[in-house]
> 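This is the structure I want to talk about, given as structure tokens.
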There are 4 protein chains.
Amino acid sequence: MTPRMQRKKKKKKKAILDAAERIVADRGMAGMTMGEVADAADVATGTLYLYFKNKGSLLAAVNARLNHQVNIYIKEKMDLKKTGLEKVVAMGQATVEFFMENPQKWKAVTELYQMKVQDPHDPNVQDFLEVTNEMVQMMAQAYQQGIEEGSIRQDLDPVATAIYNRMAFGNAFTPTTEQKMLLEHNKITPERYLSVAWGLISHSTRGVLLEKKVKKS
Amino acid sequence: MTPRMQRKKKKKKKAILDAAERIVADRGMAGMTMGEVADAADVATGTLYLYFKNKGSLLAAVNARLNHQVNIYIKEKMDLKKTGLEKVVAMGQATVEFFMENPQKWKAVTELYQMKVQDPHDPNVQDFLEVTNEMVQMMAQAYQQGIEEGSIRQDLDPVATAIYNRMAFGNAFTPTTEQKMLLEHNKITPERYLSVAWGLISHSTRGVLLEKKVKKS
Amino acid sequence: MTPRMQRKKKKKKKAILDAAERIVADRGMAGMTMGEVADAADVATGTLYLYFKNKGSLLAAVNARLNHQVNIYIKEKMDLKKTGLEKVVAMGQATVEFFMENPQKWKAVTELYQMKVQDPHDPNVQDFLEVTNEMVQMMAQAYQQGIEEGSIRQDLDPVATAIYNRMAFGNAFTPTTEQKMLLEHNKITPERYLSVAWGLISHSTRGVLLEKKVKKS
Amino acid sequence: MTPRMQRKKKKKKKAILDAAERIVADRGMAGMTMGEVADAADVATGTLYLYFKNKGSLLAAVNARLNHQVNIYIKEKMDLKKTGLEKVVAMGQATVEFFMENPQKWKAVTELYQMKVQDPHDPNVQDFLEVTNEMVQMMAQAYQQGIEEGSIRQDLDPVATAIYNRMAFGNAFTPTTEQKMLLEHNKITPERYLSVAWGLISHSTRGVLLEKKVKKS
DNA sequence: AATGAATGAGGATTCATTCAT
DNA sequence: CATGAATGAATCCTCATTCAT
């Protein structure tokens, strides 16, 4: 294959992923049909299957790419910070920023949270796992550093905490139908809800050091 | 209708709900087919539609009943406690207990978290909302009491916090595929994960009073 | 059975027929469900089957009753006239009158025009046939009289003409979807259409005598 | 798409339309199931939906094609004639001929007369309307010409008359169950009925000129 | 006679996936 | 590689009719 053809191929794969991401954001995973993706990506239905084994694999790939993009963005921001606490805070802020700037990706990631893995051996599923774990490790390191520095609670298990907080954060961003109904019912705006959630999440990991600072101010 | 027939009808409705709950736990909402439910409930397909307008309504009813059962269980435990903090803790423990004892319900509730409401005017959907809100209000009251007593952070919005924590808790119990994969990958047992999550959630609302105590000890 | 019970039974049958007629007018034959009829007649579903063997039989009964009512009305008006031509004209006018005054019955009769007979031995179907034939015979007699008087074309077959004109008339009143679309497209109002149709139908049977009169005037 | 594939596609569409037409003739519109059509056309059920949006659209397409075929046949015969009256007569004769030669199409067209349009924006419905209107305009022109020539009644509205007569004619050809029963009961053959109907329809529009001729003879 | 809950066959439609071109 | 027509299993829902009470 010539380099030009490789580029072309990559382009087509990207077009498919873009289309799928957009449609998942709009209509949800179950609402996304392969035909629609093909149309939106301007390729034939059959072509999808040249690049992705099946629908599940395509969804996994979308999910992996999406998480990868978030990771890159977050990592950049975290790397600018020194202390563990700063990094943790930066991560939260960066996540908020990223999704605020990309509402479509936000919607898509919400939907994909509920993705069910059919075939764990699927390369795209593996990819997705790796990408996700990458972020978890990054967060865990920040927690670990914060623990050592005293700004994060010493009794925390960094990895489990990272996994939980990652999810908690995602869910704060993407309330389920139930939550939406409850919020509406209680006249709480999504923005307020997000702020409350973020407050709770941050607070849940704060260590002694921070509490002192807080009390001073 | 004779009382005897009323009893029979109630029984049948219960059988359908039981079947649906079981199948949702096993195969998920999308995987649940009306035919299967009918078979499992030992009624004809058409009979389902005598009791529930459509699939969405049946799912909402399952969800409402499930939440109602949890509510009753939790309320009982909370009512035994005096202070707000105790109530909050009791709520957490009761939830854990309930779901530990009813793994099937746990699975079902996880699935139903993602239920999409089609018709907000459906009585079963309304029911579901009411039941859910009931619990939120109960939690909010406990937080409020805790705030007044000083054991819960004074800067909290009780209702929003309740909504968030309810969900956070639910999610701690019902990790998504992604979380499951991450946990497995990092060799963290579900039990450990739950305990970590619960620790974080509790900590996130702790007030000055508690912190003082903690520091002393 | 006591006379009182007989009355009661008759009343129930009437209620069912009334309900069915109304629903056929509103939603068409296919759109009419037995459950809906039962509800509207304030009886149980099963009760319908005590009075009518099946849906087809009920529809036939509705159709028979409807035609019977029209017959009575028309016969009354025709009996007031002397000559054959007058009778024919009276029949046309009476039909128009009747349906103008009973739009619901008009709609119902339209729908029932397309009734398909499943079981020709059904008593209600037989009834319907008899009633319909009654009117045909009445019209045929009027034509016959007109022929003898010279006001109706002498070459006509009275019975076949009656059958055709009865239908033509009915259709003038109850245009099909196709006709409605054509009329709308050509900006012809239903009233105008009815008048045109009636003019054509009348003209189609006029005999020499009338034509002379017409030419004179 | 290669020309060869286009041909194939056309062929398949034709096969579907043929099958649908045949089945509608046999079992009526409501009796026609999509599965049966697919079987008869030797395609999969899903294939039907590649060519027709839904059942209603398929029926409209069958109806449009059928009318188009009749139109072509009639137009050919009418174009051979000079005077308006001749054209009108030719139209009647051609219609009779066409349906005598195609009894299945006759039956189908009868059924489709009662087609209810669900979606007026459906292209096939639009097609059907256009085709139908085409014939109406053709007939209206012939009437107009006849009026000018004096062989058709001068007081006629050509378009409304055309619409009515088109329908009247169609109905003469396709008696409803009711008519069939009446005809049978009165021992009138369908052929005789058709001839009577045609006589009435022709007579209904005859003008002065013709009447003079008639009186002479 | 009356009830109305229960039945279950039947039908329209969708959509992931395949495969001949 | 690319196409897109074809597939057909799968699923929700309706409703005429029955029958135990």
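The figures that follow rest on heavy atoms only: side chains count, while hydrogens, waters and symmetry mates do not. Naming: A, B, ... by sequence-line order, numbering from 1 per chain.
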> According to salt bridge (charged side-chain N to carboxylate O under 4.0 Å, His left out), does anything in residues 43-59 of chain D pair up with another residue at least two apart or in another chain? List the pairs.
D:Lys53-D:Asp119, D:Lys53-D:Asp122
> For DNA chain E, which residues in residues 49-65 of chain B have a heavy atom at a distance below 4.0 Å?
B:Leu50, B:Tyr51
> Measure the shortest side-chain to side-chain distance between B:Gln118 and B:Val125 over non-hydrogen atoms and say whether it is less than 4.5 angstrom.
no
> Calculate the interatomic distance between A:Lys13 atom NZ and F:dA2 atom C1'; express it in whole Å.
16 Å
> Using the salt bridge (charged side-chain N to carboxylate O under 4.0 Å, His left out) criterion, which residues pair with A:Lys180? Sequence neighbours excluded.
none
> Ignoring hydrogens, what is the shortest heavy-atom contact between D:Leu66 and D:Val109? Give both atom names and the distance.
CD2-N, 3.8 Å
> For the backbone of C:Asn63 and the side chain of C:Asn67, can you confirm whether one donor and one acceptor N or O come within less than 3.5 Å of each other?
yes
> Consider side-chain contact (heavy atoms from CB on, under 4.5 Å). Of B:Ile16, B:Leu17, B:Leu58, which one does B:Tyr51 pass it with?
B:Ile16
> Assess the residue pair B:Glu111 and B:Lys116 against the criterion (salt bridge (Lys or Arg N to Asp or Glu O under 4.0 Å)); give the C-alpha distance rounded to whole Å, side-chain angles, the decisive distance to 0.1 Å, and a yes or no.
CA-CA 11 Å; B:Glu111 266 297 317; B:Lys116 277 179 194 166; over 6 Å; no
> Measuring only between side-chain heavy atoms, which start at C-beta, is B:Met32 closer than 4.5 Å to B:Leu59?
yes
> Between P on E:dA5 and CG on B:Asp42, what's the gap in Å once rounded to a whole number?
19 Å
> Contacts to DNA chain E from residues 22-40 of chain A, heavy-atom cutoff under 4.0 Å, which residues?
A:Met32, A:Thr33, A:Met34
> If you check the C:Val43 side chain, which of E:dG4, E:dA6, E:dT3 turns out closest?
E:dT3
> On DNA chain F, check which nucleotide each of A:Ala44 and B:Thr47 is closest to and give me the residue with the more 5' one.
A:Ala44
> Are A:Lys13 and A:Phe52 in a cation-pi setup, meaning NZ or CZ lies under 6.0 angstrom from the ring centre and within 45 degrees of the ring axis?
yes
> Rounded to the nearest Å, what distance is computed from the CG atom of residue A:Leu48 to the P atom of nucleotide E:dC19?
17 Å
> So, is B:Lys12 near the phosphate of E:dA5, with a side-chain N or O under 4.0 Å from OP1 or OP2?
no
> Which stems, defined as runs of 3 or more consecutive Watson-Crick or G-U wobble pairs with both pairing distances under 3.5 Å, involve DNA chain F?
E:2-21 with F:2-21
> Can you list every side-chain hydrogen bond (donor to acceptor under 3.5 Å, both in side chains) pair that touches residues 21-32 of chain A, not counting sequence neighbours?
A:Glu21-A:Arg65, A:Glu21-A:Lys105, A:Arg27-A:Glu36
> Write down the atom of C:Ala40, the atom of C:Ala19, and the distance for their closest heavy-atom approach.
CB-CB, 3.7 Å
